[in-house]
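When reading the values below, keep in mind they use all heavy atoms of this one structure, side chains included, and skip hydrogens, waters and symmetry mates. In what follows, chains carry the letters A, B, and so on, assigned in the order in which the sequence lines appear, proteins first and then strands, with residues in each chain numbered from 1.
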2 protein chains.
Amino acid sequence: MPSWLEALARGRRRVRGGAALFNAGDRFHSLYAVHGGFFKTSMIDDEGRRQVTGFFMSGDLLGLEGIAAALYDVTAVALEDSEVFVVPYPLIEQLSRDKAASQRELHIALSREIAREHRLMLLLGSMRAEERLAAFLLNLSARFGWLGYSSAEFHLRMTRADIGSYLGLTLETVSRLFSSLQERGILAVRQRHVRVLDLARLQALAGSPGDSAQG
Amino acid sequence: MPSWLEALARGRRRVRGGAALFNAGDRFHSLYAVHGGFFKTSMIDDEGRRQVTGFFMSGDLLGLEGIAAALYDVTAVALEDSEVFVVPYPLIEQLSRDKAASQRELHIALSREIAREHRLMLLLGSMRAEERLAAFLLNLSARFGWLGYSSAEFHLRMTRADIGSYLGLTLETVSRLFSSLQERGILAVRQRHVRVLDLARLQALAGSPGDSAQG
DNA sequence: CGACCGTTTGATAGTGCTCAATTCAAGTGG
DNA sequence: CCACTTGAATTGAGCACTATCAAACGGTCG
């Protein structure tokens, strides 16, 4: 978890796979630093369609968007048994007043989330299905790498439907793309287990990079 | 402009239509509060495709995403002769340390920007072309209304290409949609001049609301 | 072992894109 | 004042991509 938050954590909270950490519309009071496990966030549009807006793993901060309206505006659900540090927002406000460094860190966290979403908008607005999936996989891969896990072989925690919703595709399209990438020798896929066989070609499909946080 | 920033503005800056206020990659130093005129922000993906990420008018804050990397990560271009207040970020940091209220306001501005992009992701990920344009127009309309202008009749400052880029559509599709909405008596469109003839039907197309800031 | 959820695969159709040709508006210069 | 230029917008035809509908398969957990 981000070091500047360590002093502020007030307890942990365990969340079972499938359970919600918070729901859209809940009163906002705390940020959550993921300490272990895996979360997805989603929201519902006026037509009732649910869309996944992000995936969060160790070190990522959940709840930033809640400050504005004093309500969380997404729902955060654990995709496996997970744990978070609970960081009450009032404490953060206070600490940032005392310590300039912490203040800046919070601003950076917020600002980084904005930048992340810029990239996602770019993906949703201008990439085709295969590019989207490639970019998504590279992002996941890089994040696993940073956490010390293999970046070449990993386990997807989310369903094809989750991926599709996040990328603006149907689950069938996602499934077909996995099959196609496998046939071409770029990936080895078995259910949710993914192995990257040809990183260079995967990067070429995505238009290159695979960094940036909080996919 | 947001009242909490008034005390911090250090001068104004005029920007001619077509000129850039800042470019992606420039060193970050200030936020800008739009005081008059109209801006678009855009960024470039790895394939070199440019995409519009937002439109900004009086009262909106530009540059928030620059805090994270100490670099602006979008380019802000004036779509007509415009004016901004320049608010140096170090001053903001300092004020937020002294005044809890200002600190919270900044957090809210950042957080609101995150929420705005959530909605845009929803739009890009799950709405069809016509829904997107309807939602876009309602958003613009509402914002003009808040500024005291007519919400039923207004002048688009951006080209069809800008709108298309923002909505993840081609300019031809945008143009066709305008024609179609006009034929159906929902809008009266002449070039960039738009008049809403049937608000209810426009809202129905979008799935209802038209609020939320910084479209 | 059976039930259930998730995934894969196929066939078909629809939506929006691409390419291309006009039309239109606003300037510019003769 | 009017040809001419230029950038934007409109419109059309055909097609590519992805969604939709449908069926079968697989893995996992009671």
Query raised in the report: Nearest-Å distance, CD (E131(A)) to C1' (dC17(D))?
Result: 12 Å
Query raised in the report: Do the rings of F38(A) and F55(A) sit parallel, tilted or perpendicular, given the 30° and 60° boundaries?
Result: tilted
Query raised in the report: Rounded to whole angstrom units, what separation is found between the CG atom of L133(A) and the C1' atom of dC17(D)?
Result: 15 Å
Report task. Measure from the side-chain heavy atoms of L169(B) and tell me the nearest of dA11(C), dT15(C), dC17(C). Result -> dC17(C)
Query raised in the report: According to a strict under-4.0 Å criterion, is S175(A) in side-chain N/O contact with OP1 or OP2 of dT9(C)?
Result: no
Query - Atom-pair distance (NE2 on H193(B); C1' on dA9(D)), nearest Å - result: 17 Å
**Report entry** Interatomic distance where CZ belongs to R190(A) and C1' belongs to dG26(D) [whole Å]
**Finding:** 9 Å
Query - R192(A) side chain near dT7(C) phosphate (N/O to OP1/OP2, under 4.0 Å) - result: yes
Query raised in the report: Between T41(A) and T53(A), does any side-chain donor sit less than 3.5 Å from a side-chain acceptor?
Result: yes
**Report entry** From dC17(C), dG6(C), dT18(D), nucleotide with atom closest to T173(A) side chain
**Finding:** dT18(D)
Query raised in the report: In terms of side-chain heavy atoms of S179(A), which of dG16(C), dT8(C), dT18(C) is nearest?
Result: dT8(C)
Requested in this report: Say whether E65(A) and H118(B), considering side chains only, have a donor N or O and an acceptor N or O under 3.5 Å apart.
Outcome: no
Query raised in the report: Among side-chain atoms of R184(B) and S180(B), is any donor-acceptor pair under 3.5 angstrom?
Result: yes
Requested in this report: Output the single nucleotide from dT18(D), dG16(C), dG27(D) whose closest atom is nearest the side chain of Q191(A).
Outcome: dG27(D)
Requested in this report: Can you figure out which of dA25(C), dT20(D), dC17(C) approaches the side chain of E172(A) most closely?
Outcome: dT20(D)
Query raised in the report: Base, sugar-phosphate, or nothing: which does G168(A) touch, judged by heavy atoms less than 4.0 Å apart?
Result: sugar-phosphate
**Report entry** Donor-acceptor pair under 3.5 Å, R176(A) side chain vs dT20(D) base
**Finding:** yes
Requested in this report: Please tell me which of the listed nucleotides, dA9(D), dC19(C), dG6(C), lies nearest to the side chain of R160(B)?
Outcome: dA9(D)
Query raised in the report: So, do F39(B) and Y32(B) have ring centers that fall under 6.0 Å from each other?
Result: no
Query raised in the report: Just how far, in rounded Å, is P of dT15(C) from CE of M127(B)?
Result: 16 Å
Query - Value in whole Å for how far the P atom of dT10(D) lies from CG of L187(B) - result: 12 Å
Query raised in the report: So, is T170(A) close to the dA19(D) phosphate, meaning a side-chain N or O under 4.0 Å from OP1 or OP2?
Result: yes
Query raised in the report: Rounded to the nearest Å, what distance is computed from the CG atom of residue L171(A) to the P atom of nucleotide dA19(D)?
Result: 10 Å
Query raised in the report: Quick one: R132(B) CZ to dT15(C) P, roughly how many Å, whole number?
Result: 14 Å
